[in-house]
2 protein chains.
Amino acid sequence: MANAQPTKLKILDAAEELFAENGFSETSTRQITKKAEVNLASVNYHFGSKNELIQAVIERYLEVLVPNISKELTDLENNNPNPTLEEVFSVFIRPILSLNQQRKNGTSILLQLLGRSYTDSQRHMRRFFLGNYGDVVTRFVALVYQAQPGLSASEIFWRLHFTLGTVVFTMASSGALMDIARADFDEDIAIEGVVKRLIPFIAAGVSAPR
Amino acid sequence: MANAQPTKLKILDAAEELFAENGFSETSTRQITKKAEVNLASVNYHFGSKNELIQAVIERYLEVLVPNISKELTDLENNNPNPTLEEVFSVFIRPILSLNQQRKNGTSILLQLLGRSYTDSQRHMRRFFLGNYGDVVTRFVALVYQAQPGLSASEIFWRLHFTLGTVVFTMASSGALMDIARADFDEDIAIEGVVKRLIPFIAAGVSAPR
DNA sequence: GTCTATAATAAGATAGAC
DNA sequence: GTCTATCTTATTATAGAC
């Protein structure tokens, strides 16, 4: 039979696409259940509320992503006493790119969701993220400092936020950007191509002189 | 008397703050008219619809900003045959920072609005912007190319979008970032301080080797 | 131009049969 | 777990008196 997927999963799949494309408040539960081909009431039955559905969509990604990042951090901490900035960033980049193999457009969907949750529902997400995954952030910052000992903690703080902005915003408009690149420069690049262009930009920015 | 400001202006002032802080669709006309202390019906009377109000809020900024940028571009084009990257960027930075003198928090409000309009109402704004102010963009890109002749048109395209993302996202969360900086690093910096930190990051990114 | 009252619509959520 | 029907609330927008 064609439709063996459980309702809960169908909702999550439909919701993440609509959220990433149109934003949280621009997406109604009616749109979600229609796209998922399930009953209107099932969102509230399975998730309690639209807000909890939003949380669930994001957590499904972080549950996979953060342990992977943590493992990469451990590897680097144990096996590389003097990592370069690029090696440190790869700790994030590899797991994020590998989302693309686990789910169609996984990389860009997660980054768009992150961007949306930072601007749309700001406070909740920031606290949730730092609360649940603060350890990973701390260890990452420590490695950046090791790779760029010239920078003060405050400067690393600012520059990592600049980096986050660069990545998140780029991913949020990556569809449009790839379209323009195709039309204007005859370049047909995928998300990996965008990341490849992002890395030198970010690396130079983080290690810039003051 | 205390309240001589015309209704239309009171609406624009209230709307821009709420839009920047909470987003377009998260802000209702009721919130706007309440904050502006005007009648509920006046938004539709003066602007026709909420959508046209959004346009008006953004246009009020661009009408001031773009001529200033254009003038700076002309100056640079005529008087400086070999501008540095930093001189080229200043063409934008100076007019954007000067918004802060014209209106309280003008700089961060405009940049937050820009960010919101890029993600929230995507297509409309992008077309509107390129349609009405495309000339300024073209001339700016030409100057960037002149300052960095090693970069291809496609690379400039990508890196300027990365830059836009960095700036817009930073400004969208600048309030929270300044709070954290104050709490964690005992730094009390204003928007100009944020911009001062942004510039080396961006300049290094744009001029990075491939 | 401003106001009240109200229309028209769409949203999130739930009760209760199956 | 699923479905229909419905409730409640909030929204944008407008009609019509002043």
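Not measured: the values here are computed from a predicted model. To find a chain, count down the sequence lines: A is the first, B the second, and so on, and within it residues start at 1. FYI, side chains are in, hydrogens and waters are out, and symmetry mates aren't considered; it's all heavy atoms of this structure.
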d(CD1, Ile32(B); C1', dT11(D)) in whole Å: 12 Å
Mutual orientation of the aromatic rings belonging to Phe162(A) and Phe201(B) [parallel < 30°, tilted 30-60°, perpendicular > 60°]: perpendicular
Comparing Ala41(A) and Asn44(B) on DNA chain D - which has the more 5′ nearest nucleotide: Ala41(A)
Those residues that, when tested against Asp186(A), pass salt bridge (charged side-chain N to carboxylate O under 4.0 Å, His left out) (two or more places apart): none
Salt bridge (charged side-chain N to carboxylate O under 4.0 Å, His left out) partners for Glu77(B), two or more places apart: Arg139(B)
Ser49(A)/Glu52(A) under side chain to side chain donor-acceptor pair (under 3.5 Å): CA gap, chis, key distance, verdict: CA-CA 5 Å; Ser49(A) 69; Glu52(A) 287 166 283; 3.0 Å; yes
Atom pair distance, as rounded to whole Å: CD in Gln31(B) and P in dT9(D): 18 Å
Touch class at under 4.0 angstrom, heavy-atom based, for Thr33(A) against every strand present: nothing
Euclidean distance, atom CG of residue Leu53(B) to atom P of dA13(D) [Å, nearest integer]: 10 Å
For atom CG of Leu18(B) and atom P of dT11(D), their distance in whole Å: 12 Å
Evaluation steps, salt bridge (charged side-chain N to carboxylate O under 4.0 Å, His left out), between Arg197(A) and Glu155(B): CA-CA 8 Å; Arg197(A) 279 153 211 268; Glu155(B) 275 162 335; 5.6 Å; no
Position toward the 5' end of DNA chain D (nearest nucleotide), Arg30(A) or Val38(A): Val38(A)
First and last nucleotide of DNA chain C, 5' to 3', lying under 4.0 Å from heavy atoms of chain B: dG1(C) to dT4(C)
Sugar-phosphate only, base, or nothing, as touched by Ser42(B) at under 4.0 Å among non-hydrogen atoms: nothing
Spatial distance of atom CH2 (Trp158(B)) from atom NZ (Lys196(A)) [nearest 0.5 Å]: 11.5 Å
